[in-house]
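These notes are about the structure you will find just below.
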Amino acid sequence: QVQLLESGGGWVQAGGSLRLSCVASDSTFSKHIMGWFRQAPGKEREFVARISWSGSTTDYANSVKGRFTISRDNAKNVLYLQMNSLKSEDTATYYCAADRVWKTMSPVDFSSWGQGTQVIVSS
């Protein structure tokens with residue numbers, strides 16, 4: 001398990017952009033699969049995006065594909081989520097997560113979690 005800390009959340013109008021960051025306090029960050037998840041009030045936690053060790057492979061939920069971009073800087077132990085063309089339905093608490101093994105998009109396949117950062121998109 002690694003320690004993860006998200007930042008960059010906030011309030012934005014629909015159509016705007018935000019960039020979330022997640023810093024990992026671990027020397028083996030580059031050997032972890034990283035993912036972003038989100039949870040809206042009263043709803044289940046859902047997958048947003050994931051990225052391989054090197055960053056060469058990425059997956060996105062259909063709801064964000066074409067609008068969000070996941071990336072990582074292994075030299076700085078930082079994961080990013082660039083969010084463009086934000087919609088009201090993107091409002092949620094966003095969590096970064098990590099695991100050693102490339103499995104599925106389910107939250108149960110990620111062993112380390114940050115505390116979350118809130119994103120609010122207004123119409």
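Numbers here are sequence positions counted from 1.
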[atom1] of [X] to [atom2] of [Y]: how many Å apart, nearest 0.5 Å?
{"X": "Ser30", "Y": "Arg72", "atom1": "OG", "atom2": "CZ", "answer": "7.0 Å"}
{"X": "Asn84", "Y": "Thr69", "atom1": "CG", "atom2": "OG1", "answer": "6.5 Å"}
{"X": "Ser21", "Y": "Leu79", "atom1": "OG", "atom2": "CG", "answer": "8.5 Å"}
{"X": "Cys96", "Y": "Leu5", "atom1": "SG", "atom2": "CG", "answer": "8.0 Å"}
{"X": "Gln82", "Y": "Ile70", "atom1": "CD", "atom2": "CD1", "answer": "12.5 Å"}

Which residue is it: Val101, Asp99, Thr104? I am looking for the one with a side chain to side chain contact (heavy atoms under 4.5 Å, CB included) to Asp109.
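Looking at Val101, Asp99, Thr104, the match for Asp109 under the side chain to side chain contact (heavy atoms under 4.5 Å, CB included) is Thr104.
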Identify whether NZ of Lys or CZ of Arg in Arg50 sits under 6.0 Å from the centre of the six-membered ring of Trp102 and within 45° of that ring's axis.
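Checked: cation-pi criterion met.
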Between Arg38 and Tyr95, is NZ or CZ placed under 6.0 angstrom from the six-membered ring centre and within 45° of the ring axis?
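The answer is no, since Arg38 fails at least one limit relative to Tyr95.
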Looking only at side chains, do [X] and [Y] share a donor and an acceptor under 3.5 Å apart?
{"X": "Ser88", "Y": "Ser123", "result": "yes"}
{"X": "Gln115", "Y": "Glu6", "result": "yes"}
{"X": "Trp11", "Y": "Ser122", "result": "yes"}
{"X": "Ser56", "Y": "Ser54", "result": "yes"}

Applying ring pair (Phe, Tyr, Trp, His ring centres under 6.0 Å) as the test, list every pair that has at least one member in residues 58-88; sequence neighbours left out.
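Applying ring pair (Phe, Tyr, Trp, His ring centres under 6.0 Å) to every pair that reaches into residues 58-88, excluding sequence neighbours, yields nothing.
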Taking ring-ring contact (aromatic ring centres under 6.0 Å, His included) as the definition, give me every residue that meets it alongside Phe37, ordered by chain and number, with sequence neighbours left out.
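Residues passing ring-ring contact (aromatic ring centres under 6.0 Å, His included) with Phe37: Phe47, Phe110, Trp113.
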